[in-house]
Peer 1: 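Mind having a look at this structure? Questions to follow.
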Amino acid sequence: MLITKAPKGTQDILPQEVYKWHYIENIMRDTAKKFNFKEIRVPTFEHTELFLRGVGQTTDIVNKEMYTFEDKGNRSITLKPEGTAGVARAFLENNLNQGALPVKMYYVNSPVFRYERPQKGRFREHHQFGIELFGAQSAYADAEVIMLAKTLLKELGLKSVSLKLNSIGCPKCRPNYNEVLKDYLRDNIDQMCGTCKERFETNPLRILDCKVEGCKTIVKDAPKTVEHLCEECSDHFETLKGVLSELGEEFDIDPLIVRGLDYYTKTVFEFITDTIGAQGTVCGGGRYDNLIEEIGGNSLPAVGFGMGMERLLLTIEAAGTVIPQPQKIDVYFAAADDDAKDMIAIKLAELRKEGLIAEMDIMGRSLKAQMKYANKIDCRFVAIIGSDELQKGTVILRSMENGDQKEMKIEELLEAVK
RNA sequence: GUGAUUGUAGCUUAGUCGGUUAAAGCGCCAGGUUGUGGCCCUGGAGACCGUGGGUUCGAGUCCCAUCUUUCACCCCA
């Protein structure tokens, strides 16, 4: 019973719907290409240590959501719970930091695994499109990354997705801010939820992200990260906002978005929609200037984002956007008699060689059944050949759209269906 | 991990206070004479009623457990 059931939180993408994926993948590739990002493909699993160090020990992802196991060589292995760490590892391992900077890379359809309770827009395995830009500390790099996401969403015709922007500072100013925040919260600590009490010590910034009503009201008037940035972070943020405004791009400053991964510094952003249920974050990203150093490299700035492809598809569907259907079948060969089959096989191969989509009966069906089948699979033409046609060297070509049919020399078939 | 929700043919569902061979529509397959689709008509295949226990003379119908579905919390894409 269980062997005919996909594991919880996973899903099959069936032949009749895969064209939707191809559609968004193509737009993703085209968009990345215009921005001169090159594709990188990295493993589906990595050493667990990479995520402990990269994503951060205090995060929920690392604490309770990773698919971690020991392989037969006693290595601790983890199915990747996000895309950035693996790409950063590959970047370092292959010495891409020794070449010309910046290095701009993207990935599509990259599987991501997290042990979660599935719900709308949330799965245990989902797929991400993402980009990573290594080596540039300028706010124009942030702008480029954000603009790529914006362009992509525009290409997909999505208007319901809005950009939320924030800056959470850097190792220089974050500690100061944490103190300011803790001072503010200290009086109300008793009224906050259990996890927030813990966060107060481990990662006070995450309290801003708490969804518990009580905590939300306490946090509402809390000091904001953007008001306590050091000069460098502040300048960076101002420049970014300036560029986006100059470009005429809309965004909201949301002081409460802080992101759930520890590697973020300075800029953080999310693209959010309210059209696909409770899980509305379609794209999330930001700057991670410390990650490369954290996993053993030199100090090197970087920015990027991850975009959930399932959520993107849900958003497209919710918007009522019609994704172009795949191409129709050009010709279906129907055999009126079995002795025509060899000739049909030859003509079939010829048409396919010319790039046409062609089929013949391989089920041994009657002519009538072949016609019905051809109708069902949506063909432009049916080419009928039986003993008579075989002798005359002809074929009957029937249009399945209007029912017109005529007999022609078999050599004329290719021209007629092109 | 928490709360709620679902589970009958491939799909969508019906199944009366527990009572004999579990229905229907769609889909699938085959026919409706002489080599041809879409409509219509006829027939056929197809269900261990999620699974395991229990109550009962008897359970798809009641009870328990478990798995599964879906939605929300949490978290995130």
Side-chain angles (χ1 to χ4, degrees), chain A residues 1-2 4-11 14 55 59-66 80-84 110-130 149 161 193-196 206 209-213 215 257-261 269-273 276-285 304-315 332-340 361 363-390 396-405 407:
Chain A
M1 205 65 220
L2 222 56
T4 55
K5 184 102 188 69
K8 201 187 187 78
T10 65
Q11 51 190 180
L14 300 174
V55 178
T59 61
D60 281 350
I61 290 179
V62 167
N63 276 321
K64 43 190 194 192
E65 296 188 343
M66 294 206 303
K80 62 183 174 191
E82 58 91 55
T84 301
S110 172
V112 173
F113 306 88
R114 303 216 266 252
Y115 193 82
E116 313 208 50
R117 280 285 282 277
Q119 71 184 72
K120 188 165 189 186
R122 196 174 69 177
F123 311 94
R124 288 190 174 175
E125 178 186 31
H126 77 276
H127 300 82
Q128 291 192 3
F129 165 74
V161 187
C193 72
T195 43
C196 279
R206 302 266 315 126
D209 206 26
C210 190
K211 303 296 190 300
V212 177
E213 270 316 312
C215 300
I257 72 163
V258 299
R259 313 288 303 140
L261 295 84
F269 61 86
E270 291 183 3
F271 283 86
I272 298 175
T273 177
I276 58 169
Q279 307 302 321
T281 303
V282 170
C283 172
F305 68 71
M307 190 178 282
M309 296 180 63
E310 284 82 354
R311 284 187 190 174
L312 196 61
L313 246 8
L314 283 173
T315 310
Y332 178 88
F333 283 94
D337 302 287
D338 279 350
D339 56 0
D361 173 60
M363 294 294 286
R365 284 190 243 251
S366 68
L367 181 59
K368 186 185 174 102
Q370 291 181 65
M371 294 302 294
K372 283 190 168 184
Y373 178 72
N375 180 242
K376 206 171 307 168
I377 62 176
D378 202 9
C379 299
R380 291 171 55 225
F381 294 102
V382 170
I384 304 165
I385 305 180
S387 304
D388 296 352
E389 290 75 21
L390 200 55
I396 295 167
L397 187 64
R398 180 179 178 89
S399 161
M400 293 303 273
E401 269 125 49
N402 55 25
D404 292 350
Q405 70 178 45
E407 189 165 359

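Naming: A, B, ... by sequence-line order, numbering from 1 per chain.
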Peer 1: Could you check how far NZ of A:Lys368 sits from C1' of B:U34, rounded to whole Å?
Peer 2: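 Atom-to-atom, A:Lys368 to B:U34, this comes out as 13 Å.
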
Peer 1: Determine whether a donor-acceptor pair (N or O, by modelled atom type, separation under 3.5 Å) exists between the side chain of A:Arg311 and the backbone of A:Thr281.
Peer 2: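 Looks like yes, one N/O pair under 3.5 Å.
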
Peer 1: Tell whether A:Glu65 reaches the base of B:C76 with its side chain through a donor-acceptor pair below 3.5 angstrom.
Peer 2: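 By the distance-only test, no, there is no pair.
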
Peer 1: Mind checking if A:Gly277 touches a base, just sugar-phosphate, or nothing, with heavy atoms under 4.0 Å?
Peer 2: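 Sugar-phosphate: the residue A:Gly277, judged by heavy atoms under 4.0 Å, touches backbone atoms but no base.
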
Peer 1: Give none if B:C29 has no partner; otherwise give the nucleotide forming a Watson-Crick or G-U wobble pair with it, both distances under 3.5 Å.
Peer 2: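 Partner of B:C29: B:G43.
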
Peer 1: Taking the same atom, C1', in B:U70 and in B:G7, what whole-Å distance lies between them?
Peer 2: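 About 11 Å, rounded to a whole number of Å.
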
Peer 1: Could you check how far CD1 of A:Ile257 sits from P of B:A77, rounded to whole Å?
Peer 2: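 One finds 11 Å between P of B:A77 and CD1 of A:Ile257, rounded.
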
Peer 1: Going from CD on A:Gln370 to OH on A:Tyr332, what distance comes out if it is rounded to the nearest 0.5 angstrom?
Peer 2: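 One finds 4.5 Å between CD of A:Gln370 and OH of A:Tyr332.
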
Peer 1: Are a donor atom and an acceptor atom from the side chains of A:Ser399 and A:Asp404 found within less than 3.5 Å of each other?
Peer 2: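 There is no such pair (donor and acceptor under 3.5 Å, judged by atom type) between the side chains of A:Ser399 and A:Asp404.
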
Peer 1: With a 3.5 Å cut-off and heavy atoms only, can you find an N or O donor on one side and an acceptor on the other between the side chain of A:Glu389 and the base of B:G35?
Peer 2: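 Flag set: donor-acceptor pair detected.
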
Peer 1: Any side-chain N or O of A:Lys8 under 4.0 Å from OP1/OP2 of B:U69?
Peer 2: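 Checking A:Lys8 against B:U69: at least one side-chain N or O falls below 4.0 Å of OP1 or OP2.
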
Peer 1: How close or far is atom C1' of B:G38 from atom CD1 of A:Ile377, stated in whole angstroms?
Peer 2: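 It works out to 14 Å between those atoms.
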
Peer 1: Indicate, with a heavy-atom threshold strictly under 4.0 Å, whether A:Ala278 touches base, sugar-phosphate, or nothing.
Peer 2: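 Touches sugar-phosphate only.
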
Peer 1: Want to settle it: does A:Gly308 or A:Asp337 sit nearer the 5' end of RNA chain B, counting the closest nucleotide to each?
Peer 2: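 By nearest-heavy-atom nucleotide position, the 5'-most residue is A:Asp337.
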
Peer 1: Calculate, to the nearest 0.5 Å, the distance between atoms CD and CE belonging to A:Gln128 and A:Met307 respectively.
Peer 2: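 Output value for this atom pair is 10.0 Å.
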
Peer 1: Backbone N or O of A:Val382 within a donor-acceptor pair of the A:Arg398 side chain at under 3.5 Å?
Peer 2: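 Answer holds: no.
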
Peer 1: Shortest non-hydrogen contact from A:Ala334 to A:Leu367?
Peer 2: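 Scanning both residues completely, I find the closest heavy atoms to be CB-CD1, 3.8 Å.
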
Peer 1: Between the side-chain atoms of A:Arg122 and the base atoms of B:C75, is any donor-acceptor pair under 3.5 Å?
Peer 2: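 Flag set: donor-acceptor pair detected.
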
Peer 1: Does A:Glu401 reach a base, just sugar-phosphate, or nothing at all? Heavy atoms under 4.0 Å.
Peer 2: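 Base contact.
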
Peer 1: What I want to check is whether an N or O donor and acceptor connect the side chain of A:Arg117 with the base of B:G1 at under 3.5 Å.
Peer 2: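 By the distance-only test, no, there is no pair.
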
Peer 1: Taking only side-chain nitrogens and oxygens of A:Lys372, does any of them come within less than 4.0 Å of OP1 or OP2 of B:C29?
Peer 2: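 No, because none of the side-chain N or O atoms of A:Lys372 sits under 4.0 Å from OP1 or OP2 of B:C29.
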
Peer 1: Can you find an N or O donor on one side and an acceptor on the other, under 3.5 Å apart, linking the side chain of A:Asn375 with the base of B:G37?
Peer 2: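 Such a pair exists between side chain and base.
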
Peer 1: Across the strands shown, which category fits A:Gly83 at heavy-atom distances under 4.0 angstrom: base, sugar-phosphate, nothing?
Peer 2: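 If one applies the 4.0 Å heavy-atom cut-off, A:Gly83 turns out to touch nothing in the nucleic acid.
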
Peer 1: Given atom CD1 of A:Ile61 and atom P of B:C75, what is their separation to the nearest angstrom?
Peer 2: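 Between P of B:C75 and CD1 of A:Ile61: 12 Å.
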
Peer 1: Rounded to whole angstrom, note down the P distance from B:U2 over to B:A65.
Peer 2: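 These two P atoms come out 14 Å apart once rounded.
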
Peer 1: Between A:Ser366 and A:Ile276, name the one whose nearest nucleotide on RNA chain B is closer to the 5' end.
Peer 2: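 Result of the comparison: A:Ser366.
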
Peer 1: What distance, rounded to whole Å, do you find between the two P atoms, one in B:A47 and one in B:U8?
Peer 2: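 It comes out at 15 Å once rounded to the nearest Å.
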
Peer 1: Report the distance from atom NZ of A:Lys376 to atom P of B:A30, rounded to the nearest whole Å.
Peer 2: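 Value for this atom pair: 8 Å.
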
Peer 1: I'd like to know if A:Arg259 pairs up with A:Glu270 as an ion pair, taking the criterion as any Lys NZ or Arg NE/NH1/NH2 lying under 4.0 Å from an Asp or Glu carboxylate oxygen.
Peer 2: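 Yes.
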
Peer 1: Without swapping roles, check the side chain of A:Arg124 against the backbone of A:Glu116 for a donor-acceptor pair under 3.5 Å.
Peer 2: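 Judged by distance alone, yes, a pair lies under 3.5 Å.
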
Peer 1: Taking atom P of B:G35 as reference, at what distance in whole Å does atom CG of A:Asp338 sit?
Peer 2: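 Checked: the CG to P distance equals 14 Å.
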
Peer 1: Closest approach to the side chain of A:Arg365, judged atom by atom: which nucleotide of B:C29, B:C76, B:G35 is it?
Peer 2: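 So the side chain of A:Arg365 is nearest to B:C29.
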
Peer 1: Can you find a donor-acceptor pair, distance only, under 3.5 Å between A:Gln370 side chain and B:U36 base?
Peer 2: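 No pair found.
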
Peer 1: Under 4.0 Å: is that the gap between some side-chain N or O of A:Gln128 and OP1 or OP2 of B:A77?
Peer 2: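 The answer is no; no side-chain N or O of A:Gln128 sits under 4.0 Å from OP1 or OP2.
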
Peer 1: Just call it for A:Gln11: base, sugar-phosphate, or nothing, with non-hydrogen atoms closer than 4.0 Å on any strand.
Peer 2: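 Nothing, no heavy atom under 4.0 Å.
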
Peer 1: So, does A:Gln279 get its side chain near the phosphate of B:C75, meaning an N or O under 4.0 Å from OP1 or OP2?
Peer 2: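 No, because none of the side-chain N or O atoms of A:Gln279 sits under 4.0 Å from OP1 or OP2 of B:C75.
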
Peer 1: Looking across every strand, which nucleic acid part, if any, lies under 4.0 Å from A:Leu261 by heavy atom: base, sugar-phosphate, or nothing?
Peer 2: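 Sugar-phosphate contact only.
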
Peer 1: What integer number of Å spans the C1' atoms of B:C73 and B:C64?
Peer 2: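 Those two atoms are separated by 27 Å.
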
Peer 1: Considering only the C1' atoms, how many Å lie between B:G58 and B:C41, rounded to the nearest integer?
Peer 2: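 Rounded to whole Å, the distance is 42 Å.
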
Peer 1: Checking all strands, does A:Asp388 fall into the base, sugar-phosphate, or nothing category for heavy-atom contacts under 4.0 angstrom?
Peer 2: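 Base: the residue A:Asp388, judged by heavy atoms under 4.0 Å, touches a nucleobase.
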
Peer 1: Any base atoms under 4.0 Å from A:Thr273, or only sugar-phosphate, or nothing? Heavy atoms, all strands.
Peer 2: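 If one applies the 4.0 Å heavy-atom cut-off, A:Thr273 turns out to touch nothing in the nucleic acid.
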
Peer 1: What is the distance, rounded to the nearest whole Å, between atom CD of A:Glu310 and atom P of B:U70?
Peer 2: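 That distance rounds to 13 Å.
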
Peer 1: Expressed in whole Å, how much space separates the P atoms belonging to B:G38 and B:G19?
Peer 2: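 It works out to 43 Å between them.
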
Peer 1: Both distances below 3.5 Å, Watson-Crick or wobble geometry, any strand: find the nucleotide opposite B:U70.
Peer 2: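 Pairing partner: B:A4.
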
Peer 1: Could you please name the partner base of B:G37, counting Watson-Crick and G-U wobble pairs only when both distances are under 3.5 Å?
Peer 2: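 The base-pairing partner of B:G37, which may sit in any strand shown, does not exist here.
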
Peer 1: Determine the interatomic distance between P on B:G50 and the same-named atom on B:G60; round to the nearest Å.
Peer 2: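 That atom pair is separated by 10 Å.
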
Peer 1: So if I take every side-chain heavy atom of A:Lys120 and compare against B:A77, B:G37, B:A72, which nucleotide ends up nearest?
Peer 2: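 For A:Lys120, the side-chain atoms sit closest to B:A72.
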
Peer 1: Any donor and acceptor pair, going by atom type alone, linking the side chain of A:Glu125 with main-chain N or O of A:Gln11 inside 3.5 Å?
Peer 2: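 Looks like no, no N/O pair under 3.5 Å.
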
Peer 1: Would you kindly give the CZ-to-C1' distance between A:Arg124 and B:U70, to the nearest whole Å?
Peer 2: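 Spelled out: CZ on A:Arg124 to C1' on B:U70 is 14 Å.
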
Peer 1: Out of B:C29, B:C76, B:C75, which nucleotide sits closest to the side chain of A:Glu116?
Peer 2: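 Output: B:C75.
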
Peer 1: So what does A:Tyr373 touch, heavy atoms closer than 4.0 Å: a base, only the sugar-phosphate, or nothing?
Peer 2: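 Nothing, no heavy atom under 4.0 Å.
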
Peer 1: If we take the P atom in both B:G31 and B:G54, what is their distance in whole Å?
Peer 2: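 That atom pair is separated by 49 Å.
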
Peer 1: Any strand is fair game: report the nucleotide pairing with B:A65 by Watson-Crick or G-U wobble, both distances under 3.5 Å, or none.
Peer 2: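 Base-paired to B:U51.
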
Peer 1: Among the candidates B:A77, B:G32, B:U68, find the nucleotide nearest to the side-chain atoms of A:Lys5.
Peer 2: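 Nearest to the side-chain atoms of A:Lys5, counting from C-beta on, is B:U68.
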
